There are 2 protein chains.
Amino acid sequence: MTDFSSVAMMRQNTLRRVLREILLRGPISRAELARITGVSKPTMSEVFRELEEDGWVQVSGRRQGKVGRSAMVYSVAPQRALVFGADVGGTKIRAALVDMTGEIVAETVVATEPSGGDFVVAQIADLADDLAREADVGRSRILAGTIGLPGAFDAATGRLMMVPNIEGLEGSAIRDRLEARLGFSVSIGNDVNMAAKGEQWRGAGAGLSSFAFIALGTGIGMGVINENRILSGARGAAGEIATLPVGADPYDSRTFRSGALETAVGSAAIKDRYEALGGERDLDVRRIIDRLSEDDHRAARVLDEVARCVGAAILAVCAVVDPARVILGGSIGSRQEVLSRVRMAVAGCMPAPPSITISQLGSRAGLLGTLAEGSENLWNELFEADGDSGLVRQRAGGEAGEVA
Amino acid sequence: MTDFSSVAMMRQNTLRRVLREILLRGPISRAELARITGVSKPTMSEVFRELEEDGWVQVSGRRQGKVGRSAMVYSVAPQRALVFGADVGGTKIRAALVDMTGEIVAETVVATEPSGGDFVVAQIADLADDLAREADVGRSRILAGTIGLPGAFDAATGRLMMVPNIEGLEGSAIRDRLEARLGFSVSIGNDVNMAAKGEQWRGAGAGLSSFAFIALGTGIGMGVINENRILSGARGAAGEIATLPVGADPYDSRTFRSGALETAVGSAAIKDRYEALGGERDLDVRRIIDRLSEDDHRAARVLDEVARCVGAAILAVCAVVDPARVILGGSIGSRQEVLSRVRMAVAGCMPAPPSITISQLGSRAGLLGTLAEGSENLWNELFEADGDSGLVRQRAGGEAGEVA
DNA sequence: CGCATTAGTTCAACCCGTTTACAAATATGT
DNA sequence: ACATATTTGTAAACGGGTTGAACTAATGCG
């Protein structure tokens, strides 16, 4: 909305406007920016002085070769503001730091603390410290962070519900706990939603404003992006498609709690189906899919059945949210053998099926999503928010200083 | 984003900020507003002078009874800016004008021009004229409008697709045509989405930020509100749940084009089912439902079957978008006899079903939704947009004047 | 009727951005 | 090599918008 109209706010706005343009347009001179934005040259110089003093921009060269005086070229100091992202899974935590230009300056993977709860919170905080050290930047330069977690984060109550795999987080005010430990503003996202966001940032969803990401592995889950926003639902449970009435009778008491679709296409279901057809016992799902190349007709039949269920699920998803594309991920969903069968199935039940592709980022999708989400939040805070974004501290009798 | 920081913009911002506060806080004095907003008294008086000169605010009384000098109390001139809304159906067009306080100042219903196309466009334009006359306001005071239409409006291409019931609109750039005729900025919305918006504005969705509205009549359709925004989908086809894989095999070639769910629960399906059970022929669906009170076991069985399908559809919708509530509307959906059966069905397939209620606005829901949507658009244009919102014309050697 | 209190105006001062003018630096043409 | 056109960047004067302080106006209260 419109910001405060006080005189002091005007400079704050100019600072934001100029910094944003430098970020968007890359290395640029003051005169050039003055022409583009309409801000006068004297003001531009003054603004650059403040931004440079505060460490936001730095000289990155001189423009030469053209007629006239050579220009000082400035660019944003990428490490002035960093964003922390972490994708917390039941077994692994992936974490990284990204700078303002979108470059990942440090990344790591560790095993999740099996004790869960506060141990995981502490572990995440340590990761932030480690990464800052690794990237050789001040810890205080991390201004925002996003944590991806399995489960539904209810923004209204601030609590994380339905958390599988990690002990001691069910019903926890995880955001507040993390903020207290990390010392910067934290947002929480569902792991599959984050994977969708990641694919949009630099994966199979690049350039799309509305699409769905379906993670098909042990279980099944979905993240939907609609008009560039994550579809969250009233309790943060949107995309929990395990319960879709597909593959089994939804009114059957056996599927009442576990979810019809998941009992039809989850890893356990695939194994069960394979064994029921007389296939080898205790075989990993990956191995079952591998056997397709050995002309295992049982594996082929099982996969066909699974694909028909996934196809119907995609039909349902398209009926409700109309995605431009469906991206398949997860250990099963990202198999080419599954994709081709799903495409076939979808062609059999939809007159105008969406494009269907495989995740480009694999297991890193979730992490990249948290980085994208965190960067977006920081961007909004710096450039879109009302009032004082704390870009450059108001000088009250002193020098300009740190960020809020 | 942040607006232009030029000096001239500062006053524009102050105007917007002040006008918005007056709208939100109702009748208020200048001194009071100065205290609340932090804007100084001299500036506040100057701003009020401009707003009054331009007709945005007017004196509405004096504050007396308190110690000290009595204050002039101002409020927004409600008819300074009006919004036009129209819900265009196959047989009827409902249209209305709403002022800035949200009060409907004129409303009408007419039969839709059967010739369709340009005739309907002209008809809508005439309605705007008629309503302005009826409300006794200048036609130019209508600053924005929203038209609800059946079909999917693809914002990317600007064209309306899949239009049933109205001739000559398929594939049309309907927004541009309407804007040309109406002379103010127009937005297009799907009729069911508009009904959902209407229920949120002043119906069964009041106070909810995420819910679904399901229209069950001749066909079946849905509008979803997620985080106060309409879920549109990539091609504006979100909520077209006629094709949900419920009630029939989605891979059956007979339901390939018509949609599994719609062939199971549409009016035609209900009649067919009833007749197949040996019920009276050529009976209106409304009459079939009426017969429940006469202990017609065939009607009961048909309705139970339909409710089970709707229940499974709601399960699917909840799995995908997690609404806080499902509102049933349309000629069939708004029947109490249907609601109770659907509630029963849902309890049989969901551990934690959403609340399910009947539309409070009936056939006016769509119209109210267009008014809500149009008001929201105007609000954004006036108060949230970048740069010059044209609230008060820049004085260039003359008096302040009209709006853009 | 005087006083405390609140509403609203006048005026000088300040901050920010712009315009204009000018100094500094660089490529180009002769 | 040198003048010239061109561009960058700074200095000074100016103007618009907001503010704080001082002031006038109006009202309730004792």
Side-chain angles (χ1 to χ4, degrees), chain A residues 2-18 21 27-52 57 59-74 387-388 391-392 394-397 400, chain B residues 2-18 27-52 57 59-74 387-388 391-397 400:
Chain A
T2 314
D3 29 32
F4 290 98
S5 45
S6 77
V7 181
M9 223 54 234
M10 193 155 54
R11 170 52 56 93
Q12 200 67 210
N13 289 341
T14 312
L15 284 167
R16 299 205 276 186
R17 187 160 137 73
V18 169
E21 291 300 321
I28 195 168
S29 75
R30 284 168 286 182
E32 218 170 329
L33 209 44
R35 273 194 304 272
I36 292 169
T37 62
V39 174
S40 68
K41 289 198 291 173
T43 301
M44 192 56 78
S45 286
E46 171 70 17
V47 162
F48 267 72
R49 214 166 296 131
E50 281 190 51
L51 287 175
E52 192 172 14
V57 304
V59 180
S60 69
R62 299 184 81 85
R63 168 102 63 240
Q64 272 169 325
K66 278 193 297 190
V67 195
R69 178 172 165 178
S70 70
M72 304 277 282
V73 171
Y74 290 77
D388 186 358
L391 190 68
V392 169
Q394 308 286 32
R395 45 207 160 155
Chain B
T2 311
D3 28 33
F4 290 96
S5 44
S6 79
V7 182
M9 224 52 233
M10 194 156 51
R11 169 53 55 93
Q12 201 67 209
N13 289 342
T14 313
L15 284 166
R16 300 204 276 183
R17 184 160 137 73
V18 168
I28 195 170
S29 75
R30 285 169 284 182
E32 218 170 330
L33 208 46
R35 272 194 305 272
I36 290 169
T37 61
V39 173
S40 69
K41 290 200 289 174
T43 302
M44 192 55 77
S45 286
E46 170 70 17
V47 163
F48 266 73
R49 214 166 295 133
E50 280 190 51
L51 288 175
E52 191 172 15
V57 303
V59 180
S60 69
R62 299 184 83 83
R63 169 101 64 239
Q64 270 169 326
K66 279 193 296 187
V67 195
R69 179 172 167 177
S70 69
M72 305 277 284
V73 171
Y74 289 77
D388 188 357
L391 190 66
V392 170
R393 197 176 59 191
Q394 308 285 36
R395 46 212 159 147

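Residue numbering restarts at 1 for every chain, and letters A, B, ... go by the order of the sequence lines. Because the structure is a prediction, the values reported are computed rather than measured.
Checked against C/dT9, D/dG17, C/dG17, the side chain of A/Met10 finds its nearest nucleotide in C/dG17.
When heavy atoms are screened at a 4.0 angstrom cut-off, B/Arg63 is found touching no nucleic acid atom at all.
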Between the protein and nucleotides 19-23 of chain D, list the N/O to N/O atom pairs that are separated by less than 3.5 angstrom.
unit_1, atom_1, unit_2, atom_2, d
D/dT19, OP2, B/Ser40, N, 2.7
D/dT19, OP2, B/Ser40, OG, 2.8
D/dT19, OP2, B/Thr43, OG1, 3.3

Below 3.5 Å between N/O atoms, which protein atoms pair up with nucleotides 26-30 of chain C? Just atom names and distances, please.
unit_1, atom_1, unit_2, atom_2, d
C/dT26, OP1, A/Ser70, OG, 3.1
C/dT26, O4', A/Gly68, O, 3.2
C/dT26, O2, A/Gly68, N, 3.2

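What you find for B/Val73 and B/Pro27 is that their closest heavy atoms are CG1-CB, 3.5 Å. Scanning all heavy atoms of the two residues, the minimum distance from A/Val59 to A/Tyr74 falls at CG2-CE2, 3.6 Å.
A/Met9 is not listed as a side-chain neighbour of B/Met10, based on a closest heavy-atom distance of 4.5 Å or more. Within the 4.5 Å cutoff, no side-chain heavy atoms of B/Arg30 are placed close to those of B/Val47. Side-chain contact between A/Ser70 and A/Arg63 is absent, with no heavy atoms from C-beta onward closer than 4.5 Å. Side-chain contact between A/Leu51 and A/Val18 is present, with at least one heavy-atom pair separated by less than 4.5 Å.
Side-chain atoms of B/Arg17 come within 3.5 Å of backbone N or O of B/Thr37 as a donor-acceptor pair.
Applying the side-chain hydrogen bond (donor to acceptor under 3.5 Å, both in side chains) criterion to B/Arg35, with sequence neighbours excluded, gives no partner residue.
Residue A/Ser45 places none of its side-chain N or O atoms closer than 4.0 Å to OP1 or OP2 of D/dG9.
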